[in-house]
2 protein chains.
Amino acid sequence: MTGHLTDAVEDYLKTIYKLSCSRGRVGTGLIAETLGVTPASVTDMVQRLSGEDPPLLDYAKHQGVALTEGGRKAALETIRRHRLLELFLHQVLGYSWDQVHVEADRLEHVISEEFEERVAEVLGNPRRGLHGEPIPSPGLEMPDREDRYLLEMRPNQRGIVQEVNDDDPGLLRFLESQGIVPGAGFVVLDYSAYDDNLRLRLDGSEAEIVLGASITGQILVEIAEPQAGA
Amino acid sequence: MTGHLTDAVEDYLKTIYKLSCSRGRVGTGLIAETLGVTPASVTDMVQRLSGEDPPLLDYAKHQGVALTEGGRKAALETIRRHRLLELFLHQVLGYSWDQVHVEADRLEHVISEEFEERVAEVLGNPRRGLHGEPIPSPGLEMPDREDRYLLEMRPNQRGIVQEVNDDDPGLLRFLESQGIVPGAGFVVLDYSAYDDNLRLRLDGSEAEIVLGASITGQILVEIAEPQAGA
DNA sequence: ATCATATTTTAGGCTATTCTAATTTTTTGT
DNA sequence: ACAAAAAATTAGAATAGCCTAAAATATGAT
C-alpha cells in the first residue's frame, strides 16, 4: 500500500481519472486548465508521479498521460470520499445541492478510512451520489456505465437523468429549478443541429425546456425505449 | 480580517494558546516539544508570525512568546472547531471518547464557517465539549474558569470532574473504565505527598480509585463544598 | 562574578509545489 | 515537405515548512 498522498497529488489523480474517462490519454494542457495551474507545473508533477516506486501514472514525453492501476485505485478512493461527503453534507448537515461540492473538495483529502466507513454506514452504503454519480464500492470497483450525454440524444428518445456535473453551483441551481435532477424522466421533443439546442419535456410536466450544448454536455442520461408513435 | 492561515500556523497558535494558559509566556523549547518539531523550526515560524502585518504573536529574542489579540482569536477559532468536531464525531458518527481527537485534529483546519455553524446547530450550540472542555462561543469569547487540577485537591474535598485531557487515547479509555468522565462527582479520600497519589471515591460507588500525578495533572475539576465530618 | 549548562538563534539545506520565460517537439496547413 | 502555430518541456526561481550543526545568549551555582 502506498504511503500518504498529498492533497495536490490526489487532485491530479482525480482530475486525470475524470478526463481520461471520455478521452483516453490526456495532455498536460488539458490537465493544467482543469486544475487551474500552468502546463509546466503539470509536466513537473506528472514526471514525479510516473517515476515513483510503484508509479501512479503512465507517461512518456509528449504522449499524454494515463493512470496506472495504482493511480486508478487512488483516484477512485478520492472520488468515493468526495461523493459520500456530498451526500453526507446534504443529508446530515442540510447543505443544498449546489453547496456541497466545494466543501467536499477540501474534506476529501483529510478524512480517515474510519470516517469514510462511518459516513457510508450512516447513509446506508449508497450506490449513487447526490447528483446521480455512481459511487465506487468500498473495494473501489466502479460500475460500468451505459450512460450518454444528453447532448447526444435525438428527437423522440426517452431518457432518465442519471447524473449532473457537480461543480457549477449556478448551473445546479438552474437545473434544480427546472426539475432536472437525477431520476427525472423526460422525452426529447426536438433537436436543432444549427444551434445545438435540445428541447425536452419532463414526465408529467406541461412546460417544455430548451437547453443549449454547454448545458446538455454536462448531463448524463440513461436512454429508455423510444417513444411510441412518431 | 486575516486571509487564510495554513494548517501549521493554526497548530502553532493553538499550541501556544494552550501552553500560555498555565504558564504566561512560553519558550520555543516547550512549543517545539509539544508540537514535535525542533526548536529551530519554532524560532523560524515564530519570527514569521510576529512579523506579519497584524502580527499574530508577540515576541522578542530569548524572551518567550505570547499571542496577540489577533493570534488569540485565531487560536480560539481553531479550538472551537476542534471541540465541536469531537462532539460531532461522537454523537453523529458514533466515534468513541478516545478516537475523536486525532480525526478532529485534521478536520479542524479544513472545515468552512458554514460547516462549523451547521455542526453547532445540529449539536444544539453546546457550551462544553466531549471531554468537558468549554467551547469558545461563536463570537470567540472564552468563559473564565475556576477549575483546578485534580492534583491540587486534598483529603475530604468534594469535586466534580470538569475536563479530561483529550489527546491520549489510552488514558481516556482507562478513565472511562473507571467512571471518571465529565460530570462525575467524587470525594478525595487521601493524598500522599510522598508519591503524589490521590485516592478518591466516585459518588455512588463502593470502589476506591488511586491515581498518580501523571494522571491527576490531566484532569480539571470544580471543587464543591467540603465533606461534612472528619 | 564566573564558568558550566540550558536554551535559543543563526546558517545552510532539503522537499513539495508552484510560477515565468525560454526552448523544444509535435502538429497542421499548404 | 516545411514553415507557422500549438503544445509540451526545461531551466531557474519563489515560498512554506522542516531539519542539522554551529554559534550566541541566558541561567544559575558556587
Side-chain angles (χ1 to χ4, degrees), chain A residues 2-16 19-20 23-67 71 74-75 78 105-106 108-110, chain B residues 2-16 19-20 23-53 55-66 71 74-75 78 105-106 108-110:
Chain A
T2 314
H4 178 70
L5 304 179
T6 64
D7 293 11
V9 169
E10 289 183 346
D11 281 337
Y12 273 92
L13 295 176
K14 193 175 63 160
T15 297
I16 293 167
L19 290 175
S20 60
R23 303 144 248 239
R25 290 185 157 261
V26 267
T28 50
L30 220 201
I31 299 170
E33 196 190 344
T34 311
L35 239 31
V37 298
T38 61
S41 302
V42 175
T43 298
D44 206 86
M45 176 66 96
V46 156
Q47 286 177 352
R48 248 191 306 128
L49 296 181
S50 58
E52 298 277 295
D53 194 359
L56 296 169
L57 294 179
D58 176 19
Y59 156 86
K61 286 189 185 183
H62 293 277
Q63 286 184 204
V65 187
L67 294 171
T78 306
D105 251 357
R106 272 176 294 115
E108 69 189 7
H109 304 298
V110 164
Chain B
T2 313
H4 177 69
L5 303 179
T6 63
D7 294 11
V9 169
E10 289 183 346
D11 281 337
Y12 273 90
L13 295 176
K14 193 175 60 159
T15 298
I16 293 167
L19 291 175
S20 58
R23 300 145 251 240
R25 291 184 155 260
V26 269
T28 50
L30 222 203
I31 299 170
E33 197 190 343
T34 311
L35 238 30
V37 298
T38 61
S41 302
V42 175
T43 299
D44 205 86
M45 177 66 96
V46 156
Q47 286 176 351
R48 248 190 306 128
L49 263 25
S50 57
E52 299 276 292
D53 193 358
L56 296 168
L57 294 180
D58 175 20
Y59 156 86
K61 288 188 184 184
H62 293 276
Q63 287 183 204
V65 187
T78 306
D105 251 357
R106 272 176 293 114
E108 69 190 9
H109 305 298
V110 164

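Below, chains carry the letters A, B, ... as their sequence lines are ordered, and counting in each starts from 1. Owing to the predicted nature of the structure, the values given are computational and were not obtained by experimental measurement.
Of the listed nucleotides (dT20(D), dT9(C), dT17(C)), dT9(C) has the atom at the smallest distance from the side chain of T28(B). Considering only side-chain atoms of T6(B), the nucleotide from dA16(D), dT20(D), dC18(D) that sits closest is dA16(D). For V9(A), the listed nucleotide lying nearest its side chain is dT17(C); candidates were dT20(C), dT17(C), dA16(D).
For Y59(A) and dT9(D), the shortest distance from a side-chain N or O to OP1 or OP2 is below 4.0 Å. A sub-4.0 Å separation between OP1 or OP2 of dT17(C) and a side-chain N or O of S41(A) is absent. Here Y12(B) does not reach the OP1 or OP2 of dA16(D): none of its side-chain N or O atoms lies under 4.0 Å away. In this model, the phosphate group of dT15(D) is not approached by any side-chain N or O of R48(B) to a distance below 4.0 Å at OP1 or OP2. Residue K61(A) has a polar side-chain atom (N or O) positioned under 4.0 Å from OP1 or OP2 of dT10(D). Listed pair Q47(A) / dT10(D) meets the phosphate criterion, a side-chain N or O lying under 4.0 Å from OP1 or OP2.
Between the CD atom of E33(A) and the P atom of dA8(D) there is a distance of 11 Å, given to the nearest Å. Taking atom CD1 of residue I31(A) and atom C1' of nucleotide dA8(D), one finds them 11 Å apart after rounding to whole Å. Atom-to-atom, CE of M45(A) to P of dT15(C) comes out at 16 Å; the value is rounded to the nearest Å.
Partner assigned to dT10(C) is dA21(D), using Watson-Crick or G-U wobble distances below 3.5 angstrom.
Taking both residues in full, the closest heavy atoms of P55(A) and D53(A) are given as CD-O, 3.3 Å, listed atom of the first, atom of the second, then distance. Scanning all heavy atoms of the two residues, the minimum distance from Y59(B) to S50(B) falls at CD2-OG, 3.6 Å. Here the closest heavy-atom approach between residue A32(B) and residue T38(B) is recorded as CB-C, 3.7 Å. Considering every non-hydrogen atom in both R106(B) and V110(B), the closest pair reads O-CG2, 4.1 Å.
Nearest-nucleotide assignment on DNA chain C puts the 5′-proximal partner with H62(B), out of H62(B) and D44(A).
Counting any heavy atom pair closer than 4.0 Å across all strands shown, A8(B) reaches sugar-phosphate atoms only and no base atom. Residue T43(B) is in base contact, counting any heavy-atom pair closer than 4.0 Å across all strands shown.
Look at dA22(C): its glycosidic torsion is beyond 90° from 0, and that puts it in the anti range.
None of V42(B), I31(B), T43(B), D58(B) except one satisfies the side-chain contact (heavy atoms from CB on, under 4.5 Å) rule with V65(B); the exception is I31(B).
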